[in-house]
Amino acid sequence: MLRLTDLKLPLGHAPEAVRDAVIARLGISAADLIDLTIARRANDARRKSAILMVYSVDVTVRDEAAVLARLAQDPHVRPTPDTRYRFVARAPAGAPRPVVVGAGPCGLFAGLILAQMGFRPIILDRGKIVRERTKDTWGLWRRGELDPESNVQFGEGGAGTFSDGKLWSQIKDPRHLSRKVLTEFVAAGAPEEILTEAHPHIGTFRLVSMVEHMRATIEALGGEYRWQHRVDDILVETDPDGSRRLTGLRLQDGAILETGHVVLAVGHSARDTFAMLHARGVHIEAKPFSIGVRIEHPQSWIDRARFGECARHPDLGAAAYTLSHHCADQRTVYSFCMCPGGRVVAATSEPGRVVTNGMSQYSRAEFNANSGLVVGIDPARDYPGHPLAGIALQRELEERAFVAGGSNYKAPGQRLGDFLAGRPSTALGEVTPSYKPGVTLTDLVTCLPAFAVKAIREALPVFGRQIANYDHPDAVLTGVETRTSSPVRITRGKDFQSLNTAHLFPAGEGAGYAGGILSAAIDGIKVAEAVALSITEGR
């Protein structure tokens with residue numbers, strides 16, 4: 001089979017045009033084309049007056065060798081890559097049961113792969129099953145009532161459940177593990193188009209049922225879930241040579257779970273877990289992350305700016321964007337987790353703090369577009385001196401936002417024009433903020449470091465020149481966005497084990513090795529493989 005890439009056709013083309021274009025590009029007759037499958041579909045909207053659809057196509061032809069030889073210099077005609085997933089091991093009889101801590105995307109796929117290899121994992125999560133967790137999350141959004149153990153961050157499905165459900169990443173993926181992730185999602189009820197769209201997404205409602213389906217699959221394979229089981233401590237033994245190894249976990253009720261292999265997939269908001277690990281001597285270091293606000297515009301503005309007269313064409317959907325600006329003081333301001341046709345949501349996991357995030361459904365049909373508008377920060381420059389200093393900074397900004405919003409989980413908000421002019425907002429304009437439980441108009445300067453305010457003010461006019469109306473005075477900024485990624489890295493070696501604590505396998509976003517659903521799931525697969533090899537090879 002051959003893969004033909006960079007096949008471009010006009011927007012709105014007839015279905016048969018793909019087949020005709022393949023025949024023309026390969027220089028073969030219609031009779032020589034046996035089969036055709038779309039492998040990837042994207043759009044090129046750089047010219048709004050001539051938007052193109054861009055395809056990668058897998059084809060079967062009568063004489064593949066001859067076509068390859070004739071087109072040897074064409075980089076867009078190559079053998080189709082083998083994307084099949086192959087298990088690295090099978091559980092031997094009587095194999096010990098590994099433990100996975102966390103049921104977000106990373107823990108979910110670590111548990112799934114271990115279950116599929118026959119290891120019958122035990123999966124612990126401090127939160128609740130996804131349906132109960134959804135009720136608790138709506139309790140914050142609708143009534144301002146926070147459950148610190150069951151919310152946007154904690155519980156089945158992890159933080160990705162209440163998001164846009166983006167399923168693409170820029171990480172290197174030479175083993176095509178992303179295909180394994182997407183295939184499992186389709187088996188769990190995701191639309192098949194996620195296998196071909198360049199920027200696939202699912203949306204919150206679909207993610208809920210998919211997570212439930214995958215849980216049932218893991219349980220059918222011998223895996224076991226234990227909900228509302230927070231890990232409060234780890235048990236570590238030190239050998240005579242000074243080497244350390246994990247031997248078990250202490251749970252919130254004081255119970256001890258003895259185990260020799262733990263996948264730690266706790267997510268980027270398990271701050272109490274990070275503090276516990278640091279106190280127990282596990283190697284942790286501060287890492288860069290980003291802080292800022294959420295920005296909202298009517299989705300129609302973004303559609304028009306990106307697609308012109310073709311806005312809302314059914315083959316294009318709601319428009320997205322990616323922006324970045326390098327400031328004069330070497331700061332970088334960029335869009336983060338852009339959610340077309342979505343809403344800004346309350347995402348705190350701790351009392352007395354306000355955090356924002358973005359979410360949208362599969363349809364992306366709500367009125368506003370929103371995105372994080374964040375500034376990159378790093379330990380040496382902004383929070384030096386301690387591995388957990390980034391967490392302290394997050395908490396400080398979130399507490400400021402809580403107070404500025406009215407100390408009732410409403411978020412502080414400001415019109416963009418007022419933010420640039422340096423004055424508090426007293427009234428909204430054309431844009432209505434979507435954040436629940438509500439927005440209190442104020443001055444966001446009180447919630448952000450001065451360097452972040454300066455950088456965002458510099459970037460907004462630049463972005464306005466790239467996307468019409470991006471810097472419109474009535475666009476709304478809502479604060480604060482602090483959970484862009486983990487502020488720590490639980491460092492690990494090439495064997496995926498903690499650098500100084502054997503049999504502890506840090507994984508996913510919380511460990512600082514992923515960012516988003518797809519990359520976290522892929523890391524979960526890699527760590528599960530490392531655990532399987534450790535068990536089967538006696539390491």
Are Glu509 and Ser486 linked by a side-chain donor-acceptor pair shorter than 3.5 Å?
no
Checking the side chain of Thr501 only, and the main-chain atoms of Arg244 only, is there a donor and an acceptor separated by less than 3.5 Å?
no
Check: Ser349/Arg483 side-chain N/O donor and acceptor closer than 3.5 Å:
yes
Kindly say whether Asp241 contributes a backbone atom to a donor-acceptor pair with the side chain of Asp239 at under 3.5 angstrom?
no
Centres of the Trp141 and Tyr409 rings: under 6.0 Å?
no
side-chain hydrogen bond (donor to acceptor under 3.5 Å, both in side chains) with Arg294: of Thr478, Thr356, Asn370, only one passes, and it is Asn370
Return the minimal non-hydrogen interatomic distance between Thr322 and Ser335, and the atom names on each side.
CA-OG, 3.4 Å
Under the rule for side chain to side chain donor-acceptor pair (under 3.5 Å), what residues qualify as partners of Arg175, not counting sequence neighbours?
Glu529
Salt bridge or not between Glu156 and Lys128? Use side-chain N to carboxylate O under 4.0 Å.
no
Taking only residues two or more places apart in sequence or in another chain, which ones pass salt bridge (Lys or Arg N to Asp or Glu O under 4.0 Å) with Glu285?
Arg489
Quick one: do Phe185 and Met214 satisfy side-chain contact (heavy atoms from CB on, under 4.5 Å)? Show the steps, please.
CA-CA 8 Å; Phe185 277 150; Met214 295 179 74; 3.8 Å; yes
Shortest non-hydrogen contact from Lys166 to Cys339?
NZ-SG, 3.6 Å
Please report the C-alpha distance between Val181 and Leu518 in whole Å, then the side-chain angles of each, then the deciding distance to 0.1 Å, and finally whether the side-chain contact (heavy atoms from CB on, under 4.5 Å) criterion is met.
CA-CA 7 Å; Val181 174; Leu518 187 62; 3.7 Å; yes
Compare every heavy atom of Ser498 with every heavy atom of Val282, then report the nearest pair and how far apart it is.
CG1-OG, 3.9 Å
Test item: Asn43 side-chain N/O and Met53 main-chain N/O as donor-acceptor pair under 3.5 Å
no
Which heavy-atom pair separates Ser56 from Thr5 by the least distance, and what is that distance?
OG-CG2, 3.6 Å
CZ (Arg84) with more than 12 external heavy atoms under 6.0 Å
no
Pair Asp58 + Arg3: basic N to acidic O under 4.0 Å
yes
side-chain contact (heavy atoms from CB on, under 4.5 Å) evaluation trace for Ser324 with Val333:
CA-CA 6 Å; Ser324 181; Val333 181; over 6 Å; no
Sub-3.5 Å donor-acceptor pair from the side chain of Asp35 to the main-chain atoms of Val59, do we have one?
no
Do Glu64 and Val61 have side chains that get closer than 4.5 Å, going by heavy atoms?
yes
Using the salt bridge (Lys or Arg N to Asp or Glu O under 4.0 Å) criterion, which residues pair with Arg126? Sequence neighbours excluded.
Glu149, Asp272
Side chain proximity check, Leu264 to Leu277, heavy atoms < 4.5 angstrom:
yes
Enumerate the residue pairs fulfilling ring-ring contact (aromatic ring centres under 6.0 Å, His included) with a member in residues 263-282, sequence neighbours excluded, ordered by first and then second residue.
His278-His386
So, do Leu68 and Pro79 sit near enough that their side-chain heavy atoms are less than 4.5 Å apart?
yes
Given 3.5 Å as the limit, does a donor-acceptor pair link the side chain of Glu258 with the main chain of Thr247, or not?
no
Cation-pi geometry met for Arg353 and Phe402 (6.0 Å, 45°)
no
Under 3.5 Å: donor-acceptor pair, side chain of Asp125, backbone of Gly102:
no
Can you confirm whether Val231 sits close enough to Arg250 that some side-chain heavy atom of one is under 4.5 Å from a side-chain heavy atom of the other?
no
Lys287: partners by side chain to side chain donor-acceptor pair (under 3.5 Å), with sequence neighbours left out
Ser485
If we ignore hydrogens and angles and just use 3.5 Å, is the side chain of Arg131 paired with the main-chain N or O of Ser209 as donor and acceptor?
no
Can you tell me if Asp136 and Thr134 form a side-chain donor-acceptor pair at under 3.5 Å?
no
Under 4.5 Å between any side-chain heavy atoms of Leu124 and Arg226, yes or no?
yes
With a 4.5 Å heavy-atom cut-off, do Val527 and Ile113 have their side chains touching?
no
With sequence neighbours excluded, what pairs up with Ser434 under the side-chain contact (heavy atoms from CB on, under 4.5 Å) test?
Glu296, Arg343, Val344
State which residues pass salt bridge (Lys or Arg N to Asp or Glu O under 4.0 Å) with Arg381; sequence neighbours excluded, sorted by chain then number.
none
If the threshold is 4.0 Å, N to carboxylate O, is there a salt bridge linking Glu184 and Lys180?
yes
For Arg230, is there any backbone N or O sitting under 3.5 Å from a side-chain donor or acceptor partner on Gln252?
yes
Not counting sequence neighbours, which residues clear side chain to side chain donor-acceptor pair (under 3.5 Å) with His229? List them please.
none
side-chain contact (heavy atoms from CB on, under 4.5 Å) with Pro487: which residues, sequence neighbours excluded?
Phe289, Ile391, Gln394
Cation over ring, Arg97 on Phe119, under 6.0 Å and within 45°?
no
Which residues share a side-chain contact (heavy atoms from CB on, under 4.5 Å) with Glu537, sequence neighbours left out:
Leu533, Arg539
Those residues at least two apart in sequence (or on a different chain) that pass side-chain contact (heavy atoms from CB on, under 4.5 Å) with Ile34 are Thr60, Arg62
Taking Leu499's backbone N and O only, do any of them form a donor-acceptor pair with Thr491's side chain (distance below 3.5 Å, no angle check)?
no
Do we see a donor-acceptor contact under 3.5 Å between the side chains of Ser534 and His503?
no
Could you tell me if Tyr334 and Ser290 have a donor-acceptor pair between their side chains, going purely by distance under 3.5 Å?
yes
Is it true that Arg41 and Glu193 make a salt bridge, defined as a side-chain N closer than 4.0 Å to a carboxylate O?
no
The single option from Val208, Asn151, Thr161, Val211 passing side chain to side chain contact (heavy atoms under 4.5 Å, CB included) against Arg133
Thr161
Taking Asp523 first and then Arg492, would you say they form a salt bridge - that is, a charged N and a carboxylate O separated by under 4.0 Å?
yes
Evaluation steps, side-chain contact (heavy atoms from CB on, under 4.5 Å), between Val236 and Arg245:
CA-CA 6 Å; Val236 178; Arg245 54 189 172 85; over 6 Å; no
Side-chain ion pair, Arg280 and Glu237, N-O less than 4.0 Å
no
Under a 4.0 Å N-O cut-off, is there an ion pair linking Arg120 with Glu219?
no
Per the ring-ring contact (aromatic ring centres under 6.0 Å, His included) rule, what does the pair list look like for residues 517-539, sequence neighbours excluded?
none
Write down the atom of Ala95, the atom of Ala91, and the distance for their closest heavy-atom approach.
CB-CB, 4.2 Å
Look only at the side chain of Thr536 and the backbone of Ala532, and say whether a donor-acceptor pair between them is shorter than 3.5 Å.
yes
